[in-house]
Amino acid sequence: MTLTLESAKQILDQRDRSFMDCDLAKYLDIWHDDCVVEVPGTTLNGKQELKATIEAIWSAMEPVHMETRSFGVNGSLIHQEFAIVWRNRETNERTLQTGMSVCECGADNRWLWLRDYFDSVERGSAMKSSKVAQALQDKK
C-alpha cells in the first residue's frame, strides 16, 4: 500500500482532532487492535494498553495546542515532526513537547505501529511558531 500526501494529511488531521478533543473513542479508532506504540522508555502492545496510557496522560495533562511542523510519506509510512503544548491540570503550568514520529498504516489506513522520539523543552525551533508561543502564554 502506498499513501498519498493528501491521505496522510487526512489521517494526521483525524488523529490531531481526536487528540485535542480528548475523544478517546475517536482517537482509538485510528489504531489496529494489535497496534504497537514505542515511546522513550516503554512499549505499548495493543489498544487496551494504549487506552490505559492515554487515559492516564489526559487525567493529568490537557493538550491545548498541537501542530504538525512537517510530514512526509514513504509507502505506507508517515514521518512527522510535531509540537504539543500541554497544560498540567493541577498546576495549570504549560509545557512544550516537541518530537518526531514514524507510523505505518495498514490497507484500512489504521495505524499498525508508531515510534515516537520526543522531549519536553520550552526552547528551540518550535518556539518560532507564533501559535505555539501564544498557546504557552494563554491562560484558560
Side-chain angles (χ1 to χ4, degrees):
M1 180 186 84
T2 299
L3 292 168
T4 65
L5 283 176
E6 185 57 37
S7 63
K9 183 178 181 332
Q10 290 173 354
I11 292 165
L12 291 172
D13 286 348
Q14 177 186 353
R15 188 276 316 268
D16 292 357
R17 278 191 310 275
S18 62
F19 195 85
M20 289 301 300
D21 292 342
C22 296
D23 186 331
L24 190 58
K26 285 185 181 177
Y27 180 74
L28 291 173
D29 191 47
I30 69 169
W31 297 89
H32 274 269
D33 288 340
D34 59 350
C35 63
V36 175
V37 179
E38 297 176 29
V39 295
T42 194
T43 298
L44 307 171
N45 293 295
K47 266 189 182 179
Q48 291 308 309
E49 285 187 18
L50 178 60
K51 178 183 178 192
T53 300
I54 294 297
E55 286 175 328
I57 291 168
W58 285 346
S59 72
M61 304 293 285
E62 173 191 21
V64 296
H65 177 77
M66 181 176 193
E67 66 184 47
T68 294
R69 307 304 306 266
S70 64
F71 74 97
V73 176
N74 183 6
S76 61
L77 302 177
I78 300 174
H79 306 264
Q80 176 196 32
E81 179 186 18
F82 61 87
I84 304 172
V85 176
W86 294 95
R87 181 186 67 84
N88 181 300
R89 293 184 186 274
E90 187 176 318
T91 67
N92 284 326
E93 179 184 18
R94 291 177 183 233
T95 57
L96 172 63
Q97 178 184 34
T98 59
M100 298 283 296
S101 65
V102 61
C103 71
E104 182 176 13
C105 293
D108 59 359
N109 288 341
R110 289 193 171 157
W111 293 11
L112 300 166
W113 58 263
L114 170 82
R115 187 175 309 115
D116 261 347
Y117 306 92
F118 55 79
D119 56 20
S120 292
V121 294
E122 294 187 28
R123 61 181 185 276
S125 63
M127 288 303 294
K128 293 179 182 176
S129 163
S130 61
K131 290 179 182 179
V132 168
Q134 186 65 46
L136 279 166
Q137 294 176 10
D138 285 346
K139 301 291 183 213
K140 277 206 154 191

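On a predicted model such as this, the values are computed, not experimentally measured, just so you know. We count residues from 1, following the sequence as given.
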Would [X] and [Y] show up in the same hydrophobic cluster when neighbours are defined by side-chain heavy atoms closer than 4.5 Å?
X: Ile30; Y: Ile57; result: yes
X: Trp113; Y: Leu28; result: no
X: Met66; Y: Val102; result: no
X: Met20; Y: Leu114; result: yes

Pair up each side-chain donor or acceptor in residues 11-18 with any protein partner under 3.5 Å, not counting sequence neighbours, and list the distances.
from: Asp13; atom 1: OD2; to: Lys9; atom 2: NZ; distance (Å): 2.9
from: Arg15; atom 1: NH2; to: Gln80; atom 2: OE1; distance (Å): 3.1
from: Ser18; atom 1: OG; to: Gln14; atom 2: O; distance (Å): 3.1
from: Ser18; atom 1: OG; to: Arg15; atom 2: O; distance (Å): 3.0

Legend entry - salt_bridge(Arg115, Glu38) N-O dist < 4.0 Å: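 Counted as a salt bridge, because a side-chain N and a carboxylate O are separated by less than 4.0 Å.
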Note, [X] side chain near [Y] side chain (heavy atom, < 4.5 Å):
X: Pro40; Y: Tyr117; value: no
X: Cys22; Y: Tyr27; value: no
X: Ser101; Y: Phe82; value: yes
X: Leu50; Y: Trp31; value: yes
X: Arg87; Y: Asn92; value: yes
X: Leu24; Y: Ile54; value: yes
X: Trp111; Y: Cys35; value: no
X: Ile84; Y: His65; value: no

Inset, instruction - Rounded to the nearest 0.5 Å, what's the gap from CZ on Phe71 to NE2 on His79? Could you check? - result: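 With rounding to 0.5 Å, CZ (Phe71) is 12.0 Å from NE2 (His79).
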Legend entry - Cys103 SG to Arg110 CZ distance, which is reported to the nearest 0.5 Å: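 With rounding to 0.5 Å, SG (Cys103) is 14.0 Å from CZ (Arg110).
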Legend entry - Leu112: partners by side chain to side chain contact (heavy atoms under 4.5 Å, CB included), with sequence neighbours left out: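 Checked Leu112 against side chain to side chain contact (heavy atoms under 4.5 Å, CB included); matches are His32, Glu104.
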Legend entry - Which atom of Ala56 lies closest to which atom of Ser59, heavy atoms considered: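 Closest heavy-atom pair between Ala56 and Ser59: O-OG, 2.8 Å.
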[X] (side chain) donor-acceptor with [Y] (main chain) under 3.5 angstrom:
X: Asp23; Y: Lys26; result: yes
X: Ser7; Y: Leu3; result: no
X: Thr91; Y: Glu93; result: yes

Inset, instruction - List the steps and the verdict of side chain to side chain contact (heavy atoms under 4.5 Å, CB included) for Asn88 and Met61. - result: CA-CA 5 Å; Asn88 181 300; Met61 304 293 285; 3.9 Å; yes
Legend entry - Donor-acceptor pair between Trp86 and Gln97 side chains, under 3.5 angstrom: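 Side-chain D/A pair, Trp86 to Gln97: present.
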Legend entry - Worked check of side chain to side chain contact (heavy atoms under 4.5 Å, CB included) between Thr4 and Val73: CA-CA 7 Å; Thr4 65; Val73 176; over 6 Å; no
Inset, instruction - Would you indicate whether Lys51, at its atom NZ, is surrounded by more than 12 heavy atoms from other residues, nucleotides or ligands within a distance under 6.0 Å? - result: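 Result for NZ/Lys51: open.
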